[in-house]
Amino acid sequence: MIQLKEIFKSYNSGKNRFDALKGINLSFRNSEFAAILGPSGSGKTTLLNVIGGLDHYDKGDLIIDQISTKDYSDRDWDSYRNHTVGFIFQNYNLIPHQTILANVEMALTIAGISSKERKEKAAEALRRVGLADQMNRRPAQLSGGQMQRVAIARALVNNPSIILADEPTGALDSKTSVQVMELIKEVAKDHLVIMVTHNPELAEKYATRIITLKDGRITDDSNPVELKETAEQLTSRNMGHASMKLRTAFSLSFHNLWSKRKRTILTAFAGSIGIIGIALILSLSSGVNGYIASMEENMAYAYPLLVDTVSLDFTSALEDLDMLTTTPESDHVEVISFVDRIRTMLGTNDLSTFKSWLDSGNHDLTDYGIVEYMYSVQPQIYLEYGDSVRCVCPDSTLDATGLPLSSVDSSMFSSQISTNMFSCMPQHEELYKGTYEVKAGHWPENANECVLVLTGDGKIVDYLLYVLGMRDPAELDQMIQSFLHGEFKGSKKTETPVYNYSDFLGRSFKIVNSSDYYVYHGDSNLWIDNKGDPDYLMQLVKDGSDLEIVGVVKPMNQFGTGSLNAGICYPYSLLESTIQYASESRIVKEQLASPEVNVFTGLPFAEAGSVDRLNLGSMITVDMEKLREAIRLNEDALISAF
């Protein structure tokens with residue numbers, strides 16, 4: 001038995017609310033043919049959907065054989081519809097590409113019944129409605145009455161206890177309607193059949209009970225159920241389990257696609273065009289973004305961001321272009337604010353505070369690149385050429401011309417302007433190794449190894465040949481002397497030969513530590529610079545460590561100039577060892593121990609520069625007796641000469 005207790009159902013449409021069912025109290029017997037009549041909008045279809053579980057009520061309770069559905073979940077309602085209710089729709093709702101046998105089987109398929117059992121039960125249901133000879137036909141090959149019979153067979157195949165029919169004869173002619181109604185009447189002998197119809201004549205002729213609805217309320221019931229008061233407790237449980245095997249689901253999906261293969265192929269083709277188009281757009285976008293990122297990376301390699309002690313405001317320089325413009329002559333003298341411009345253009349950076357902030361780690365700069373520190377420290381590098389030695393780093397050869405090119409920072413200007421042919425490589429290898437190709441040899445592996453770095457087009461500056469000893473440095477000295485005496489002729493051009501990569505490998509230099517130039521004199525407790533002593537310097541160079549060229553590298557074409565300066569690049573480890581050696585030297589330790597006293601003069605730094613305070617007599621003593629013995633005058637010979 002099915003019972004409806006105080007069933008309410010309403011619908012909201014924007015701000016409007018429509019009450020479809022208003023407190024329906026109704027009970028049905030296990031086997032009867034109940035017809036629900038009423039005008040349009042009275043709630044007939046809503047009541048049928050609530051009973052069939054197609055729509056959920058707002059208030060009340062639907063009880064089926066003492067099982068309450070008040071707390072049912074969606075899964076419970078699915079099970080209820082699959083095992084308890086069979087539906088007969090006005091428009092049949094048959095699957096057009098399947099046979100009527102497969103249509104009837106569908107309810108059993110969802111219930112997880114085996115294939116053999118499904119076919120037997122579906123065939124029996126079709127025989128029961130008189131379609132045994134039409135099993136392999138498709139719905140389009142049947143008449144309207146036959147399709148409604150298929151719908152009835154599908155509703156009966158799972159042996160439900162409730163059959164719900166929504167206008168089952170609405171699309172049929174009168175003759176076919178009678179046949180269908182006779183069939184439904186036969187079914188109602190052992191099932192509960194609830195039918196919604198607009199035809200009161202069919203209802204009075206075939207139904208055993210007529211229920212009239214108006215405005216969501218029951219206005220008449222021709223054969224109401226008289227309920228006896230019982231103390232039987234209501235239960236809330238699932239009425240079965242609805243499931244479909246994975247293999248069956250795939251099979252149904254495949255047959256559905258295959259039955260509409262032309263449409264499926266066209267849909268897949270159109271979809272593939274869309275997918276390919278989206279993929280092309282994404283690929284193009286990714287390629288452009290990658291190209292931009294690559295260009296940015298290449299620019300960052302070639303032109304790293306440098307923070308120096310002195311900064312130059314180029315914006316202020318551009319704003320002061322009026323210095324270069326001419327103005328009409330006037331009868332007064334104007335002053336160009338050169339000093340003010342210099343003051344606004346130049347600035348200083350507090351690198352100590354900036355480095356402390358970088359070391360603190362309270363930033364995200366490392367997410368965008370590598371932070372390195374550069375120090376104004378250079379190893380003293382010498383070239384042994386014949387019987388002489390020559391300092392090539394730092395190189396002051398051309399300083400005699402009045403142009404201090406040895407102090408030009410080659411990271412700001414090209415190596416064609418600066419005579420400083422040596423530079424330090426970055427500490428992190430990933431900043432340069434991926435942007436250079438090794439033409440010969442290998443990258444430095446030790447502190448006493450270096451590489452020759454070519455320009456982007458694979459060339460070197462001719463001045464580097466003098467540094468390497470591949471040209472006679474004496475020629476360069478002679479050229480400078482000629483220039484200083486006004487005898488230099490700049491029109492003559494030296495023929496430049498072509499070299500192989502192997503010509504540069506194995507060439508070596510000598511490394512001298514700056515602190516070794518100074519010798520301590522115990523008599524005066526002072527340090528003396530012995531760099532001007534040729535014999536001392538020669539021996540110092542001979543005892544120095546070697547620095548050998550082990551590779552020749554060139555920037556890759558896509559990286560332009562590259563991050564290394566063209567010339568000779570030594571590893572960062574050589575710079576570290578130079579600093580470490582200096583910090584452990586005796587002269588540096590003594591200076592650090594007495595920071596206020598100059599170790600070269602023995603005087604405080606505040607007084608060391610004052611000539612008036614320098615007492616040469618305290619530094620030089622003369623032994624007169626020794627002087628007389630060394631110089632003896634022959635007075636007679638001297639007088640005779642005069």
Side-chain angles (χ1 to χ4, degrees), residues 1-4 24 26-38 44-45 47-54 62-65 67 80-93 104 107-108 121-122 124-132 144-172 174-213 218 220-227 239:
M1 179 179 290
I2 180 172
Q3 297 175 264
L4 289 85
I24 298 295
L26 195 60
S27 298
F28 295 94
R29 301 173 182 85
N30 289 334
S31 58
E32 67 174 338
F33 189 175
I36 301 176
L37 300 177
K44 303 186 303 298
T45 301
L47 178 61
L48 198 70
N49 290 338
V50 168
I51 295 174
L54 297 176
L62 174 65
I63 303 171
I64 298 96
D65 294 333
I67 299 175
Y80 164 70
R81 288 190 297 269
N82 192 57
H83 292 87
T84 307
V85 183
F87 295 92
I88 303 174
F89 299 99
Q90 178 181 355
N91 55 357
Y92 322 129
N93 286 349
V104 176
L108 299 174
K121 288 188 174 183
E124 176 62 27
L126 289 172
R127 279 192 291 270
R128 188 174 178 183
V129 297
L131 294 175
Q146 289 175 322
M147 285 191 286
Q148 193 61 281
R149 288 171 179 266
V150 174
I152 295 173
R154 183 181 58 188
L156 296 174
V157 71
N158 214 19
N159 194 26
S161 57
I162 304 171
I163 303 294
L164 302 179
D166 186 7
E167 297 284 355
T169 61
L172 304 177
S174 58
K175 181 179 180 181
T176 306
S177 297
V178 170
Q179 295 175 350
V180 170
M181 290 302 298
E182 290 289 345
L183 182 57
I184 294 176
K185 182 178 180 181
E186 184 68 22
V187 171
K189 291 181 179 179
D190 49 4
H191 293 84
L192 168 60
V193 176
I194 303 175
M195 179 184 69
V196 168
T197 181
H198 283 91
N199 192 333
E201 296 179 358
L202 288 178
E204 291 176 359
K205 182 177 180 181
Y206 294 99
T208 60
R209 179 183 177 185
I210 298 176
I211 302 169
T212 305
L213 261 67
I218 298 176
D220 187 36
D221 189 346
S222 64
N223 188 13
V225 178
E226 296 181 1
L227 296 177
M239 298 182 184

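The structure displayed is predicted, hence computed values, not measured ones.
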From CD1 (I218) to CG (D221), nearest 0.5 Å: 6.5 Å

side-chain contact (heavy atoms from CB on, under 4.5 Å) partners of E182, counting only residues at least two apart: V178, Y206

Gap separating the CD1 atom of I162 from the CD1 atom of I51, nearest 0.5 angstrom: 7.5 Å

Closest non-hydrogen atom pair, T169 against S177: CB-OG, 3.5 Å

Pair I211-D220, side-chain contact (heavy atoms from CB on, under 4.5 Å): steps then yes or no: CA-CA 6 Å; I211 302 169; D220 187 36; over 6 Å; no

Option among N30, L26, L62 that satisfies the side chain to side chain contact (heavy atoms under 4.5 Å, CB included) test with I2: L62

Test log, rule side chain to side chain donor-acceptor pair (under 3.5 Å), inputs R29 and N223: CA-CA 10 Å; R29 301 173 182 85; N223 188 13; 3.2 Å; yes

Among L126, V104, I152, side chain to side chain contact (heavy atoms under 4.5 Å, CB included) partner for V157: V104

Side-chain heavy-atom pair V150, Y92 within 4.5 angstrom cut-off: no

Side chain R154, main chain I88, donor-acceptor under 3.5 Å: no

N93 and F87, any side-chain heavy atoms less than 4.5 Å apart: no

Nearest-0.5 Å distance, CG of residue D166 to OG1 of residue T197: 9.5 Å

Point-to-point distance, once rounded to the nearest 0.5 Å, from CD1 of I64 to OG of S161: 8.0 Å

Cation over ring face, R209 and F28, 6.0 Å, 45°: yes

Output a table of donor-acceptor pairs, distance under 3.5 Å, between side-chain atoms of residues 187-196 and any protein atom two or more places apart or on a different chain; print 'none' if there are none.
| from | atom 1 | to | atom 2 | distance (Å) |
| --- | --- | --- | --- | --- |
| K189 | NZ | E186 | OE1 | 3.1 |
| H191 | ND1 | V187 | O | 3.2 |
| H191 | NE2 | P160 | O | 3.4 |

Distance in Å, L131 CG paired with R149 CZ, rounded so as to fall on 0.5 Å steps: 6.5 Å

Expected output: side-chain T208 to main-chain F33 donor-acceptor under 3.5 Å: yes

Working for salt bridge (charged side-chain N to carboxylate O under 4.0 Å, His left out), residues K121 and E124: CA-CA 5 Å; K121 288 188 174 183; E124 176 62 27; over 6 Å; no

I63 side, atom CD1; S27 side, atom OG - distance, nearest 0.5 Å: 8.5 Å

Counterpart residues, salt bridge (Lys or Arg N to Asp or Glu O under 4.0 Å), relative to K175 (two or more places apart): none

Residue among Q148, M181, E167, Q179 satisfying side chain to side chain contact (heavy atoms under 4.5 Å, CB included) with L172: Q148

